[in-house]
Amino acid sequence: MKRSRDDEDSDYKPKKIKTEDSKKAKKRKQEEVDVKPKKNKNKVKGQEGEVKRKKVKKEEEEKWKWWEEERHTDGVKWTFLEHKGPVFAPPYEPVPDNVKFYYDGKQVKLSPKAEEVATFFAKMLDHEYTTKDVFRKNFYKDWKKEMTSEEQSLITNLSKCDFTHMSSYFKAQSEARKQMTKQEKQKIKEENERLVQEYGYCVMDNHKERIANFRIEPPGLFRGRGNHPKMGKLKRRINPENIIINCSKDSKVPPAPSGHKWKEVRHDNKVTWLVSWTENIQGSIKYIMLNPSSRIKGEKDWQKYETARRLKLCVDKIRNSYKEDWKSKEMKARQRAVALYFIDKLALRAGNEKEEGETADTVGCCSLRVEHIKLFLEMDGQEYVVEFDFPGKDSIRYYNKVPVEKRVFKNLQLFMEKQTT
DNA sequence: ACCAAGACTTGGATTAAAGGAA
DNA sequence: TTCCTTTAATCCAAGTCTTGGT
């Protein structure tokens, strides 16, 4: 692997990564972090390979070496931004008449809106989700809202709904997709490529950049992870009227689909997103942003690694300082010091506060509660052992037993008496 | 100084594509 | 070719961290 290696004295000047595009650069950085580097295999053989190689070479020549340029220091992220707007999810196509839905053993023809939501459920039928109580309850509640009043009065019990025929129809569909001929597959691929060419790029400051997610998220049922209180709720369809477009004043504003208009068009160069909308499950904002290969992402990523690198210059000081704070008379300082120690020693996530009832109950270092740790003066021949057992990100269990310094242990005892930590 | 909203990163799951053996 | 396995790309929820308003 080719790389110029005088990293030790990096002064933040981008001389290093000359021969790599940013994607590779990122990989390279990851390899430095990883214990085992991945093999770099790009065997391209035959005539096709020759063409491919030439194409790649050409692209490389045209590549912009953003890491050799000056960076903004204020909050300005760009001066020119133009794009084609998002690609919306395809409209709902009703299932053919021979695909049946049954309620209480009797066949029912659903109205298009109710049917669409029913298909979302049908598509997930053999997923464990659909057996969960919370999921079913949330789904049922949102589904009813989409029904006509006749349907509402007819359908009163989810357990009497039979989605199996719908489900097998979709299974057959995806099977059929796999069995398509070469030409059919090729046609789809080309059509896809056309979309990418048209909507997959934007111009930011004189450079054509790849957009990461130019397609709006399609409607469906929300799949929260862990035991999420909102799983199964209907993720509604996003229309142009929900969309905020961000681009520069002197750019060509993308037209909304005919008969529609955007919620808003703004020109905010202090942010990096091109399109945003508010999602209906948590009320949070979703964005369309650029690819990791773009300047805006690559620069930030690079900065991150440089920051990490600078850590070694001050890590000793930090460690001494938190050890000192274990004795502080301020309880807050002690808590911070112990938390920092765990983050340092165990690489725990920081752990921000979360809104109760809105999301699954998960914690990180700073949001650990008394019930998440146990203290053992002695365990398996070791002194001052802390046992961690808590649901972390995505409700994944973190379980670990670690011997700690006596001071840390004493502090934890103190915190737990006072119901903090 | 506080806190909610906003912006952006991370990483697991899902799907698509590529590779490889039969 | 066909079928299975591995890898890569995409999707999107769940985090972290920053910002701006009070």
Side-chain angles (χ1 to χ4, degrees), chain A residues 23 26-27 30 33 38-45 48-49 52 74-75 77 87 89 123-124 126-129 174-175 177-182 185-186 188-189 192-193 195-196 200 210-233 235 238 244 246 266 268-294 296-305 307-308 332 343 347-355 358-367 391-396 398:
Chain A
K23 207 171 174 183
K26 189 174 176 189
K27 226 174 200 161
Q30 280 170 348
V33 174
K38 281 157 204 148
K39 282 246 175 72
N40 189 9
K41 52 170 176 187
N42 42 4
K43 300 176 251 174
V44 194
K45 40 187 169 174
E48 271 181 25
K52 218 173 190 171
D74 47 8
K77 305 289 169 61
V87 171
K123 284 176 181 170
M124 295 179 72
D126 39 7
H127 202 290
E128 193 199 342
Y129 270 121
S174 66
E175 206 48 46
R177 219 169 302 130
K178 277 184 213 153
Q179 302 302 322
M180 281 188 306
T181 66
K182 274 246 172 84
K185 282 184 181 170
Q186 187 61 24
I188 288 171
K189 206 175 164 188
N192 214 12
E193 187 54 29
L195 261 189
V196 173
R210 186 80 146 80
I211 298 169
N213 55 325
F214 58 90
R215 282 173 230 265
I216 300 283
E217 294 176 15
L221 303 182
F222 177 73
R223 303 156 78 113
R225 302 200 271 258
N227 78 307
H228 195 118
K230 297 193 173 178
M231 64 169 76
K233 283 178 70 67
K235 200 168 105 167
I238 302 302
I244 301 174
N246 192 35
R266 68 171 75 156
D268 183 357
N269 69 355
K270 297 283 206 325
V271 296
T272 68
W273 53 267
L274 322 186
V275 172
S276 77
W277 71 93
T278 302
E279 154 269 345
N280 68 301
I281 306 290
Q282 321 269 1
S284 65
I285 307 170
K286 298 269 188 155
Y287 304 94
I288 289 182
M289 293 183 185
L290 299 192
N291 210 48
S293 63
S294 62
I296 204 95
K297 293 292 181 192
E299 212 165 83
K300 192 85 189 297
D301 197 41
W302 178 20
Q303 223 180 86
K304 175 186 71 185
Y305 285 100
T307 305
K332 272 191 178 177
I343 288 172
L348 300 185
R349 284 192 184 76
N352 290 329
E353 309 98 326
K354 332 173 47 177
E355 214 173 322
E358 294 295 299
T359 56
D361 178 23
T362 61
V363 296
C365 185
C366 301
S367 46
K393 182 177 176 179
D394 296 331
S395 301
I396 291 165
Y398 181 92

Can you tell me how far [atom2] of [N] sits from [atom1] of [X], to the nearest Å?
X	N	atom1	atom2	value
Lys77(A)	dT9(B)	NZ	C1'	13 Å
Lys393(A)	dC12(C)	NZ	P	16 Å
Asp268(A)	dC8(B)	CG	P	9 Å
Ile216(A)	dC11(C)	CD1	P	12 Å
Gln303(A)	dT18(C)	CD	P	11 Å
Lys354(A)	dC17(C)	NZ	C1'	16 Å

If you compare every side-chain N and O of [X] against the phosphate oxygens of [N] (OP1, OP2), does one of them come in below 4.0 Å?
X	N	answer
Lys297(A)	dT9(B)	yes
Thr362(A)	dG15(C)	yes
Thr272(A)	dC8(B)	yes
Asn352(A)	dT16(C)	yes
Lys304(A)	dT10(B)	yes

Touch class at under 4.0 angstrom, heavy-atom based, for [X] against every strand present:
X	value
Lys235(A)	sugar-phosphate
Gly351(A)	sugar-phosphate
Tyr287(A)	base

About how many Å separate [atom2] of [Y] and [atom1] of [X], when rounded to the nearest 0.5 Å?
X	Y	atom1	atom2	value
Asp394(A)	Arg225(A)	CG	CZ	4.0 Å
Arg266(A)	Trp273(A)	CZ	CH2	4.5 Å
Met231(A)	Arg223(A)	CE	CZ	11.0 Å

Closest to the [X] side chain: [options]?
X	options	result
Arg210(A)	dA13(C), dT10(B), dT10(C)	dT10(C)
Phe222(A)	dC12(C), dA14(C), dA7(B)	dA14(C)
Arg215(A)	dC12(C), dC11(C), dG12(B)	dC11(C)
His228(A)	dA14(C), dT14(B), dT16(C)	dA14(C)
Lys286(A)	dC12(C), dG15(C), dA7(B)	dC12(C)
Arg349(A)	dT16(C), dA13(C), dG12(B)	dT16(C)

**Request:** Could you tell me how the ring of Phe222(A) sits relative to the ring of His228(A): parallel (under 30°), tilted (30 to 60°) or perpendicular (over 60°)?
**Result:** perpendicular
**Asked** If you find the nucleotide of DNA chain C closest to Lys270(A) and the one closest to Gln282(A), which residue's nucleotide is nearer the 5' end?
**Response** Gln282(A)
**Request:** Select from Gly364(A) and Arg223(A) the residue whose nearest nucleotide in DNA chain C is closer to the 5' end of that strand.
**Result:** Arg223(A)
**Message:** Quick check: closest heavy atoms across Gln282(A) and Glu358(A), and the distance to 0.1 Å?
**Reply:** OE1-O, 3.4 Å
**Item:** Residue among Asn269(A), Leu274(A), Val271(A) satisfying side-chain contact (heavy atoms from CB on, under 4.5 Å) with Asn246(A)
**Value:** Val271(A)
**Fill in**
Sorted by position of nearest nucleotide on DNA chain B, 5' first, the leading residue of Met289(A) and Asp394(A) is Met289(A)
**Sidechain-backbone polar pair: Asn213(A) side chain, Met289(A) backbone, donor-acceptor under 3.5 Å** = yes
**Request:** Keeping the roles fixed (side chain from Lys354(A), backbone from Ala360(A)), state whether a donor-acceptor pair exists under 3.5 Å.
**Result:** yes
**Request:** Can you check whether any acceptor in the base of dA13(C) is under 3.5 Å from a donor in the side chain of Arg225(A), or vice versa?
**Result:** yes
**Item:** Terminal helix-axis angle for the helix from dA1(B)-dT22(C) to dA22(B)-dT1(C), with five pairs defining each axis and rounding to 10 degrees
**Value:** 10°
